[in-house]
Amino acid sequence: MFELIGKPARGKTCEAIQGIIAEAEEIMDEFRGSVALDAGLISSAQAVEHYEIARYGTLKSWAKQHGLTEAVELLDATLQEELETDQLLTQLGETSANPKGSKKAA
Ligand SMILES: [Fe+2]
């Protein structure tokens, strides 16, 4: 991506993701040994995916507006991977991690 726009790649701490990680650590402390632990951690993983979906979606739109076709393709490929991961986490959350959550109330 950086090569495409002719800028040097550099890293930057993401405070939003740091916050989601801190929340996941709270869940681990609070639900350690509980059957709810996996469901709680899946919710944290999904929060990360949703954040990534938002960011890649925005970047894809910006790349499109600037006519950066190759960048649009790269960003869309990553966006699709994030959407797929989100769906897999939903399936996991609704089945193995929280089987009662997938059943309809009687
Ligand atoms: Fe992801």
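Just so you know, ligand 1 is whichever comes first in the structure, and atom 1 is the first atom listed for that ligand.
Remark: side-chain polar atoms of Gln46 are paired, donor with acceptor, to backbone N or O of Asp86 under 3.5 angstrom.
Leu83 contributes atom CG, which lies 11.0 Å from atom CG of Leu88 (distance to the nearest 0.5 angstrom).
Per residue Glu82, closest N, O or S atom to the Fe ion (ligand 1): atom name OE1. Looking only at its N/O/S atoms, Glu49 has OE1 as the one nearest to the Fe ion (ligand 1). No other N/O/S atom of Glu52 lies as close to the Fe ion (ligand 1) as OE1 does.
Other residues, nucleotides and ligands contribute at most 12 non-hydrogen atoms within 6.0 Å of the CD atom of Glu3.
The shortest side-chain heavy-atom distance between Leu75 and Met1 falls under the 4.5 Å cut-off.
Look at Glu81 and the Fe ion (ligand 1): no N/O/S atom of the residue is under 2.8 Å from the metal.
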